[in-house]
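Fair warning: this is a prediction, and the values are worked out from it, not measured in the lab. We name chains A, B, ... by the order of the sequence lines, and we start the count at 1 in each one.
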Amino acid sequence: GNSVTQMEGPVTLSEEAFLTINCTYTATGYPSLFWYVQYPGEGLQLLLKATKADDKGSNKGFEATYRKETTSFHLEKGSVQVSDSAVYFCAYNAGANNLFFGTGTRLTVIP
Amino acid sequence: DTGVSQNPRHKITKRGQNVTFRCDPISEHNRLYWYRQTLGQGPEFLTYFQNEAQLEKSRLLSDRFSAERPKGSFSTLEIQRTEQGDSAMYLCASSSTGRDQPQHFGDGTRLSIL
């Protein structure tokens, strides 16, 4: 069936450290892939997206590349800031009209 | 673009009562979605509208749940005879037509059942 598997958190990093949050998916067809972020006390915000194989989505220093061969969409950032502390959700839309979400990964960045 | 608006932000009610939530989507979006999110989990799809037509419902949407979108603008989600297990954050999202169009989420309505 359809599913999204995310790296379990919580993840704690020092400021300026490198971030990777792994995400793999199981879906039929050619899904569009998304990363959403939820800051404390706020709703989900779209961080970036990729709609076909080898596409790279990027925003606010975050990047993720659509790897069809490994069914992955790992999120990376070269140098995290305290303001990046949030919960990050990987999601995909496999042609249906709803998004399938992972369970989320909580990131805490300490000064 | 004023974003997706949800009301109320918080709702506390006794078990067995009925509750209704409202969602105002981004004005030019013709698709509207409802999701439920419990603590430590990602959002789970409940139902979806294109304009005023409800086109898809999840198995999570029991008979006690009903959603409407009259005139294809705002939407309401009603839960009848609430149960403890209904305690969750209820999220609304909207998008333009097309699979690649991202969904924009509201801040959600947090429901607590006493």
Side-chain angles (χ1 to χ4, degrees), chain A residues 1-10 21 23-25 27-53 55 57-59 64 66 73 75 86-106, chain B residues 1-7 9-10 21 23-26 29-51 53-61 67 88-110:
Chain A
N2 298 315
S3 67
V4 178
T5 302
Q6 269 186 251
M7 184 172 85
E8 286 193 21
I21 300 177
C23 171
T24 57
Y25 66 91
T28 57
Y30 299 91
S32 296
L33 303 174
F34 305 87
W35 277 99
Y36 280 83
V37 58
Q38 190 169 33
Y39 297 103
E42 299 184 16
L44 286 163
Q45 300 176 25
L46 178 67
L47 181 59
L48 53 84
K49 69 173 187 177
T51 58
K52 60 183 187 294
D55 264 4
S58 61
N59 186 26
Y66 188 155
F73 193 51
L75 183 68
V87 182
Y88 292 82
F89 292 92
C90 184
Y92 75 85
N93 180 333
N97 297 302
N98 54 293
L99 290 171
F100 290 94
F101 284 87
T103 55
T105 302
R106 181 177 297 279
Chain B
D1 181 356
T2 57
V4 177
S5 176
Q6 290 188 248
N7 287 288
R9 288 296 304 275
H10 304 275
F21 312 138
C23 172
D24 288 89
I26 293 171
H29 287 174
N30 59 354
R31 289 186 171 179
L32 187 148
Y33 310 80
W34 285 98
Y35 292 82
R36 182 174 68 187
Q37 185 179 18
T38 54
L39 199 61
Q41 300 297 315
E44 296 173 295
F45 171 74
L46 292 178
T47 190
Y48 142 74
F49 291 84
Q50 178 146 324
N51 299 314
Q54 188 174 16
L55 296 185
E56 193 170 339
K57 292 194 289 187
S58 161
R59 289 174 299 174
L60 293 175
L61 210 67
M89 177 75 84
Y90 289 84
L91 300 171
C92 177
S94 69
S95 75
S96 301
T97 304
R99 192 193 75 172
D100 296 339
Q101 295 302 312
Q103 295 180 23
H104 298 263
F105 284 79
D107 287 343
T109 294
R110 181 169 297 283

Visitor: Do B:Gln37 and A:Phe101 have side chains that approach each other closer than 4.5 Å (heavy atoms only, starting at C-beta)?
Guide: no

Visitor: Quick one: does B:Pro43's side chain get under 4.5 Å of A:Leu99's, heavy atoms only?
Guide: no

Visitor: Between the main-chain N or O of A:Gly43 and the side-chain N or O of B:Asp107, is there a donor-acceptor pair closer than 3.5 Å?
Guide: yes

Visitor: What heavy-atom pair brings B:Pro102 and A:Lys49 nearest, and what distance separates the two atoms?
Guide: CD-NZ, 3.8 Å

Visitor: Report which part of A:Leu44 has an atom under 4.5 Å of a heavy atom belonging to chain B: side chain, backbone, both, or neither.
Guide: both

Visitor: Evaluate the side-chain proximity of A:Tyr36 to B:Phe105: yes if any heavy-atom separation is below 4.5 Å, no if none is.
Guide: yes

Visitor: Once you round to the nearest 0.5 Å, how far does OG of B:Ser95 lie from CG of A:Leu46?
Guide: 11.5 Å

Visitor: Got a sec: does the CD of A:Glu8 have more than 12 other heavy atoms crowding it under 6.0 Å?
Guide: no

Visitor: Does any backbone or side-chain atom of B:Arg110 lie under 4.5 Å from a heavy atom of chain A? Answer side chain, backbone, both or neither.
Guide: neither

Visitor: Given a strict heavy-atom distance threshold of 4.5 Å, which part of A:Gln45 is in contact with chain B: side chain, backbone, both, or neither?
Guide: neither

Visitor: Quick check on B:Leu91 against chain A: is it the side chain, the backbone, both or neither that has a heavy atom closer than 4.5 Å?
Guide: side chain

Visitor: Rounded to the nearest 0.5 Å, what separates atom CG in A:Asn93 from atom CD in B:Gln101?
Guide: 10.5 Å

